Visitor: 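Please read through the structure below; I'll follow up with questions.
Keep in mind that what you see is a predicted model, and the values were worked out from it rather than measured. Note that ligands are numbered from 1 as they come in the structure, with each ligand's atoms numbered from 1 the same way.
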Amino acid sequence: MENMIEIQGLQKNFGKFQVLKNVTFTVGKGEVVGFIGLNGAGKSTTIRVLLGMLKKSGGSATIFGEDVWRDDMKIHPRVAYVPGDVYLWPNLTGGEIIYLLLRLNN
Ligand SMILES: Nc1ncnc2c1ncn2[C@@H]1O[C@H](COP(=O)(O)OP(=O)(O)OP(=O)(O)O)[C@@H](O)[C@H]1O
Ligand SMILES: [Mg+2]
């Protein structure tokens, strides 16, 4: 099966705090995967590394065979991400934030 996501020995440290310790898994073409774990296990950190938002400390991670950090411009047009833990501007209402984001397009 062709792999869409390949993660090998992925590591992420925040200072001396090691959050990801040798995370290794693959997701094949057409596979539907649930990524579960305890609070603080490192799920969001893994996803942020995959999206090129955080730079890994070690190991490798590819999507469509492209490096998630170096080749993020090739990957991003082909992926979607719906975050559950998003922090925008706490002083704005939901409607104001939508209005602001729409204005960015003009
Ligand atoms: N920017 C950061 N700086 C320092 N530590 C961080 C940072 N982001 C996350 N952490 C720590 O890394 C660990 C993993 O966090 P992460 O958010 O990836 O876990 P999670 O599996 O998504 O948890 P949850 O189920 O609560 O969403 C936690 O101990 C968290 O406090
Ligand atoms: Mg999380």
Visitor: Using atom types as modelled, flag every donor-acceptor pair under 3.5 Å from a side chain in residues 33-45 to any protein atom, sequence neighbours excluded.
Guide:
residue	atom	partner	partner atom	Å
K43	NZ	G37	O	3.0
K43	NZ	L38	O	3.0
S44	OG	D85	OD2	3.4

Visitor: Would you call I97 and T93 a side-chain contact if the rule is heavy atoms closer than 4.5 Å?
Guide: no
Visitor: Any donor and acceptor pair, going by atom type alone, linking the side chain of S57 with main-chain N or O of N13 inside 3.5 Å?
Guide: yes
Visitor: Is the shortest heavy-atom distance from the side chain of K21 to the side chain of Q11 under 4.5 Å?
Guide: no
Visitor: Residues around ligand 1, heavy atom under 4.0 Å from any ligand atom, sorted by chain and number. Can you pull those?
Guide: F14, F17, V19, L38, N39, G40, A41, G42, K43, S44, T45
Visitor: Taking 2.8 Å as the upper limit, name the protein N, O or S atoms near the Mg ion (ligand 2).
Guide: S44 OG
Visitor: Between H76 (side chain only) and L51 (backbone N and O only), is there a donor and an acceptor less than 3.5 Å apart?
Guide: yes
Visitor: Which residue pairs pass the salt bridge (Lys or Arg N to Asp or Glu O under 4.0 Å) test when at least one of the two sits in residues 55-68, sequence neighbours left out?
Guide: E66-K74
Visitor: Do you know which of T24, T46, T62, I63 makes side chain to side chain contact (heavy atoms under 4.5 Å, CB included) with I7?
Guide: T46
Visitor: What about F25 and V19, same hydrophobic cluster or not, with Ile/Leu/Val/Met/Phe/Trp/Tyr joined at side-chain heavy-atom distances under 4.5 Å?
Guide: yes
Visitor: Can you confirm whether L100 sits close enough to W89 that some side-chain heavy atom of one is under 4.5 Å from a side-chain heavy atom of the other?
Guide: yes
